[in-house]
Amino acid sequence: MGSGKYIASDTFMVGGYLWAIYFYPDGKSPEDNATYVSLFIALASEGTDVRALFELKLEDQSGRGRHKVHSHFGRTLESGPYTLKYRGSMW
């Protein structure tokens, strides 16, 4: 697809807020040089200081392979959840 081009999920509701997932098969920025994929979760509804814990995984089509991309659930309590401050905020 090319660097910076993405596939967006439909929006979905969790915790009273709308969210979307953005997948960049060739990376988000030209520096990724199509070596990495980028995966983001984004706040899709209006809201301020929405705190969220999430886990992103990639799964192959056979269902046999699971590759954890990122998880908040292994973080220490002090580092806490991420705060998304406005519509379009991504991590």
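Keep in mind the model is a prediction, meaning the values are calculated, not measured.
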Exercise: identify the closest heavy-atom pair between Gly2 and Asp26: N-OD2, 2.7 Å

Ala20 to Ala44 - nearest heavy-atom pair and separation: N-CB, 4.3 Å

Sequence-distant partners of Ser9, side-chain hydrogen bond (donor to acceptor under 3.5 Å, both in side chains), two or more places apart: none

Aromatic ring pairing Phe40/Tyr24, orientation class (parallel under 30°, perpendicular over 60°, tilted between): perpendicular

Check against side chain to side chain contact (heavy atoms under 4.5 Å, CB included), Leu43 and Trp19: CA-CA 5 Å; Leu43 181 62; Trp19 303 89; 4.0 Å; yes

Hphob cluster co-occupancy, Ile21 + Ile7, side-chain heavy atoms under 4.5 angstrom: yes

Residues that Ser3 engages under side chain to side chain contact (heavy atoms under 4.5 Å, CB included), provided they are two or more places apart: Pro30

Closest heavy-atom pair and its distance - Lys5, Pro25: O-CD, 3.6 Å

Same apolar cluster (I L V M F W Y, side chains within < 4.5 Å links), Ile41/Phe23: yes

Path from Phe12 to Leu18 over hydrophobic side-chain contacts below 4.5 Å: no

